[in-house]
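See below for the structure under consideration.
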Amino acid sequence: MNVKDLQVTVVGLARSGVAAARLLNVLGARVTVADRKEPQELTGILSQVDQTSIAVRVGAQYESALEGADLVVISPGVPTHLDVLNRVRARGIRVIGELELASQFLTAPILAVTGTNGKSTTVTLIGKFLQESGKRVFVGGNLGIAASEAALACIQAKTRGGAPYDYVVLEVSSFQLETIEQFHPWIAALLNVTLDHMDRYASVDGYLAAKARIFEHQAAGDYSLFNLDDARVAALREHTKATVLGFSRSSAMASGVAGATVLNGDRIVTTVRGQQEEICRRSDMRLIGLHNVENVMAAVTYGLLCGCSIDAIRMVLRSFPGLEHALEVVRERGGVRYVNDSKGTNVDAVLKALEGIEQPMWLIAGGRDKGGDFARLRKVIRERVKGLILIGEAAGRIQAAMGDFDRCRPAATLRDAVELAAREAQPGEVVLLSPACASFDMFADYQDRGRQFKALVQALPA
């Protein structure tokens with residue numbers, strides 16, 4: 001992709017948009033960044049933009065930045081079918097995403113992971129397996145550092161005749177996949193598809209179609225990895241040109257797939273390298289929950305294909321405690337364990353969290369509704385939850401979905417919820433923040449929500 005001297009507008013001033021603008025600037029484009037938010041809402045992010053070489057159009061005037069554009073690059077959070085973008089397309093102007101832009105300049109094999117849940121844990125594990133095996137690796141994308149930062153490093157290293165990475169590991173969202181044109185991962189995985197982002201997609205089929213695009217440009221010599229326990233995902237095996245691999249909690253489900261990683265009793269075993277090999281026992285892992293067994297099986301597949309040793313993989317699995325905000329143990333106080341699962345922003349994530357904890361629970365849930373079917377939580381909440389403490393905009397909807405469950409308690413703030421749980425929980429029980437909702441009604445993002453929860457828990461008197 002040659003963008004030198006082109007007028008390029010980047011829409012959406014978050015970390016992806018800023019990284020894309022920096023990349024385009026280095027490539028010699030005439031760059032304008034645009035965002036519908038007002039300047040006072042963007043103070044922090046605008047300070048990261050070099051306004052001596054990059055033009056800025058924000059607030060009411062942001063649409064004017066699109067009028068003379070030769071190319072438009074959008075951040076993942078920008079809806080792809082805004083009227084203003086459709087008008088740009090009608091003029092014959094390309095509209096691509098930051099992921100597509102960055103991928104054009106990555107010089108190492110791309111290892112991409114998508115799915116409703118488990119993406120962040122899986123890509124983090126892949127990165128740790130590679131690092132433990134002595135590989136140079138970038139880990140980012142939808143998680144952490146934007147892909148454009150890796151692209152910048154590749155461009156700068158190329159001028160010196162080198163390459164900064166052996167592999168680029170990317171967490172990829174459905175939003176990012178909506179705008180790809182040539183994005184081509186060497187290994188691509190779809191971990192699972194459950195109801196999520198129904199505020200953006202008309203149906204689960206539309207959401208699945210966006211996720212499935214991760215395999216669209218793969219060819220012979222590439223690898224496509226599927227969760228064989230997810231019927232929607234497993235059915236996509238017929239539509240890839242790459243070598244099919246799978247993972248499953250059941251050996252029976254993996255029959256017919258030559259390269260598969262499975263849970264066989266307490267053991268994770270694999271045939272990815274052509275012969276059966278034992279990776280570890282489930283009891284050897286620090287991670288908790290069956291859903292994390294799935295994440296491990298997926299990550300192991302990548303590690304083995306990239307030449308990682310089983311010893312290196314085992315070393316990581318024995319020590320890796322999990323990600324911040326994903327079933328993160330915050331504190332034990334008076335025999336009560338406090339767990340931060342703020343990343344549980346949809347119903348299926350909460351179901352998996354509840355399945356992964358055996359003790360009685362006080363569940364703090366609620367926030368901005370994403371179109372989830374909260375009624376699917378009713379059975380497990382009745383069975384496992386002593387008290388359901390509800391916050392945020394969706395509190396009423398969640399309570400209504402629980403039917404005659406009489407242990408729902410409202411809380412005006414997260415502080416009130418934590419203090420209520422601390423008063424009521426008994427030794428041997430767990431207080432779990434797993435919201436089943438987005439955070440934007442009360443917090444900047446799920447990280448902000450999780451960190452506020454942790455601060456409130458740490459502030460409880462001994």
Side-chain angles (χ1 to χ4, degrees), residues 1 11-12 16 20 71-82 85-86 89 94-106 109-120 122-123 126 140-143 146-148 150-151 168-228 230-247 298 301-302 346:
M1 181 184 293
V11 182
S16 293
L71 174 70
V72 174
V73 178
I74 62 174
S75 295
V78 176
T80 55
H81 291 292
L82 288 175
L85 295 178
N86 287 334
R89 293 186 184 98
R94 290 169 64 201
V95 177
I96 63 172
E98 181 268 339
L99 175 69
E100 175 66 25
L101 171 72
S103 70
Q104 303 284 323
F105 302 97
L106 298 174
I110 297 172
L111 315 180
V113 178
T114 195
T116 305
N117 299 305
K119 299 185 295 296
S120 298
T122 302
V123 299
I126 295 167
N142 191 55
L143 165 74
S148 289
V168 172
V169 186
L170 297 178
E171 175 183 318
V172 180
S173 72
S174 60
F175 296 174
Q176 291 173 308
L177 289 166
E178 289 175 14
T179 49
I180 63 168
E181 293 181 351
Q182 300 177 48
F183 177 64
H184 182 178
W186 175 49
I187 311 174
L190 180 46
L191 301 179
N192 46 64
V193 170
T194 57
L195 286 174
D196 197 13
H197 299 301
M198 291 299 103
D199 51 346
R200 176 139 168 174
Y201 297 100
S203 68
V204 71
D205 291 335
Y207 177 49
L208 175 63
K211 290 285 192 191
R213 294 197 69 193
I214 195 170
F215 307 114
E216 192 169 297
H217 300 291
Q218 287 192 294
D222 299 326
Y223 294 92
S224 298
L225 176 61
F226 301 89
N227 181 347
L228 302 175
D230 186 315
R232 292 189 185 101
V233 172
L236 296 172
R237 286 179 289 167
E238 308 301 322
H239 304 290
T240 182
K241 298 175 183 175
T243 297
V244 171
L245 302 172
F247 64 92
T301 303
Y302 283 80
N346 58 67

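This one's a predicted model, so the numbers in the text were calculated from it and none came from an experiment.
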Val193 versus Val233, closest heavy-atom pair with distance: N-CG2, 3.9 Å
Nearest atoms (heavy-atom pairs only) where Gln218 meets Pro185: NE2-O, 3.1 Å
Residue pair Ser75 / Glu98, side-chain donor-acceptor N/O under 3.5 Å: no
Thr80 side, atom OG1; Gln176 side, atom CD - distance, nearest 0.5 Å: 13.0 Å
Minimum heavy-atom distance between Tyr207 and Ser174, given as atom pair plus value: CE1-OG, 3.6 Å
Straight-line distance of Ile187 CD1 to Leu111 CG, nearest 0.5 Å: 5.0 Å
Close side-chain approach of Leu191 and Asn227, heavy atoms under 4.5 Å: no
Any side-chain heavy-atom pair of Leu99 and Leu170 under 4.5 Å: yes
Test log, rule side chain to side chain contact (heavy atoms under 4.5 Å, CB included), inputs Arg232 and Val204: CA-CA 10 Å; Arg232 292 189 185 101; Val204 71; 3.9 Å; yes
Close side-chain approach of Ile96 to Val73, heavy-atom, < 4.5 Å: yes
Rounded distance [0.5 Å steps], CD1 in Ile74 versus CD in Glu178: 7.5 Å
Exercise: identify the closest heavy-atom pair between Ala151 and Leu106: N-CD2, 3.5 Å
Flag side-chain contact, heavy atom, 4.5 Å: Ile110 against Ser103: yes
Short side-chain donor-acceptor distance under 3.5 Å, Thr179 and Glu100: no
Test item: side-chain donor near acceptor, Asp222 and His217, under 3.5 Å: no
Any Thr301 side-chain heavy atom under 4.5 Å of Tyr223 side chain: no
Flag side-chain contact, heavy atom, 4.5 Å: Arg237 against Leu228: yes
Minimum-distance pair of heavy atoms, taken over all atoms of Val78 and Gly12: CG2-CA, 4.0 Å
Thr114 side-chain N/O to Val172 backbone N/O, donor-acceptor pair under 3.5 Å: yes
Closest approach of Leu101 to Ala20 (non-hydrogen atoms, all atoms of both residues): CD2-CB, 3.9 Å
Test item: side-chain donor near acceptor, Tyr302 and Thr122, under 3.5 Å: no
Distance (rounded to the nearest 0.5 Å) between Glu216 CD and Ile180 CD1: 5.0 Å
Backbone N/O of Glu171 and side chain of Asn142: donor-acceptor pair under 3.5 Å: no
Side chains of Met1 and Arg94 in contact at under 4.5 Å (non-hydrogen atoms): yes
